[in-house]
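Take a look at the structure set out below.
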Amino acid sequence: MYANRELLTTLSIQRINDALLVMKHFIDLSNKLLPILHVLQRKSQKSDEDYAKIDRIAAVYSNHTFDPITSDVLLNSPILSLIKQSFTKLCEKDADIEIREEAMIMLKNEYDRLKNNWNLASYN
């Protein structure tokens, strides 16, 4: 019976580690894609290529389903909520530029905080 508990614990830890790796990849990807989307959305004259890029970025977020609370629990961070809010604000047609800027700043600040923590953890 003890061996089964140990196996369950090992599997649980492996699943958490896998979830963390996927989440970290999604967070890093968002740190690259959302600023690009922000620049594209701010353009007054968009080309067909710009619209195609916007559509490809939007597809990334529409194809990912996640519970924003996950990052609160696993990372002690609201980063997934900030990603979701930033994407939503960037896609709103009538969103104020300042609201978009604020969303991007909050996301960037939290990303930088997390990245700093990850770098500290990798050195210890």
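Rounded to the nearest 0.5 Å, atoms NE2 (His38) and CZ (Phe87) are 14.5 Å apart. We find the CH2-CZ distance between Trp118 and Arg113 to be 9.5 Å, quoted to the nearest 0.5 Å.
Asp55 CG: more than 12 foreign heavy atoms inside a 6.0 Å radius. Heavy-atom contacts from other residues, nucleotides or ligands closer than 6.0 Å to CD1 of Ile97 number 12 or fewer. Atom CG of Leu74 has more than 12 heavy atoms from other residues, nucleotides or ligands within 6.0 Å.
Here the side chains of Val22 and Asp18 are not in contact, with every heavy-atom distance at 4.5 Å or above. Between Asp72 and Ser77, the closest side-chain pair of non-hydrogen atoms is not below 4.5 Å. Using a 4.5 Å heavy-atom threshold, the side chains of Met106 and Glu102 count as touching. At a threshold of 4.5 Å between non-hydrogen side-chain atoms, the residues Asn31 and Lys115 do not count as touching. Using a 4.5 Å heavy-atom threshold, the side chains of Asp96 and Lys89 count as separate.
Salt-bridge annotation for Lys108 and Asp112: present, with a side-chain N of the basic residue lying under 4.0 Å from a carboxylate O of the acidic one. At a threshold of 4.0 Å, the pair Asp28-Lys24 counts as salt-bridged, since one of the basic side-chain nitrogens sits closer than that to a carboxylate oxygen. With salt bridges taken as basic N to acidic carboxylate O contacts below 4.0 Å, one links Glu101 and Arg42.
Ile99 and Leu37 sit in two unconnected hydrophobic clusters of ILVMFWY residues. Membership requires side-chain heavy atoms under 4.5 Å apart, directly or through other members. Leu29 and Val39 are assigned to two separate hydrophobic clusters, defined by single-linkage of ILVMFWY side chains at heavy-atom distances under 4.5 Å. Ile105 and Ile36 are assigned to two separate hydrophobic clusters, defined by single-linkage of ILVMFWY side chains at heavy-atom distances under 4.5 Å.
Listed here is the closest heavy atom pair of Thr70 and Met23: CG2-CE, 3.5 Å. Nearest approach of Ser86 to Ala103, heavy atoms of both residues: OG-O, 3.2 Å. In terms of heavy-atom proximity, Ala59 sits nearest to Ser62 at O-OG, 3.2 Å. Closest approach of Leu33 and Ile57 over heavy atoms only: O-CD1, 3.9 Å. Of all heavy-atom pairs between Gln41 and Cys91, the closest is NE2-CA, 3.9 Å.
Proximity of a side-chain donor or acceptor of Asn117 to a complementary backbone N or O of Leu114 within less than 3.5 Å is not detected. Side chain of Arg100 to backbone of Glu92: a donor-acceptor contact under 3.5 angstrom is found. Under a 3.5 Å cut-off, the side chain of Ser30 and the backbone N or O of Ile83 do not form any donor-acceptor pair.
Shown are Leu34, Ile27, Leu107, Asn109; of these, the side-chain contact (heavy atoms from CB on, under 4.5 Å) with Leu82 is made only by Leu107.
Ring pair Phe26/Tyr61: centre-to-centre distance below 6.0 Å.
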Where do Leu20 and Leu75 land on the side-chain contact (heavy atoms from CB on, under 4.5 Å) test, with the steps shown first?
-> CA-CA 8 Å; Leu20 286 169; Leu75 299 174; 3.7 Å; yes
Are Leu11 and Gln14 close enough, and set up right, to give a side-chain contact (heavy atoms from CB on, under 4.5 Å), and what steps lead you there?
-> CA-CA 5 Å; Leu11 288 174; Gln14 183 179 3; 4.0 Å; yes
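Take Lys93 and apply the side chain to side chain donor-acceptor pair (under 3.5 Å) test, not counting sequence neighbours, and it matches no residue.
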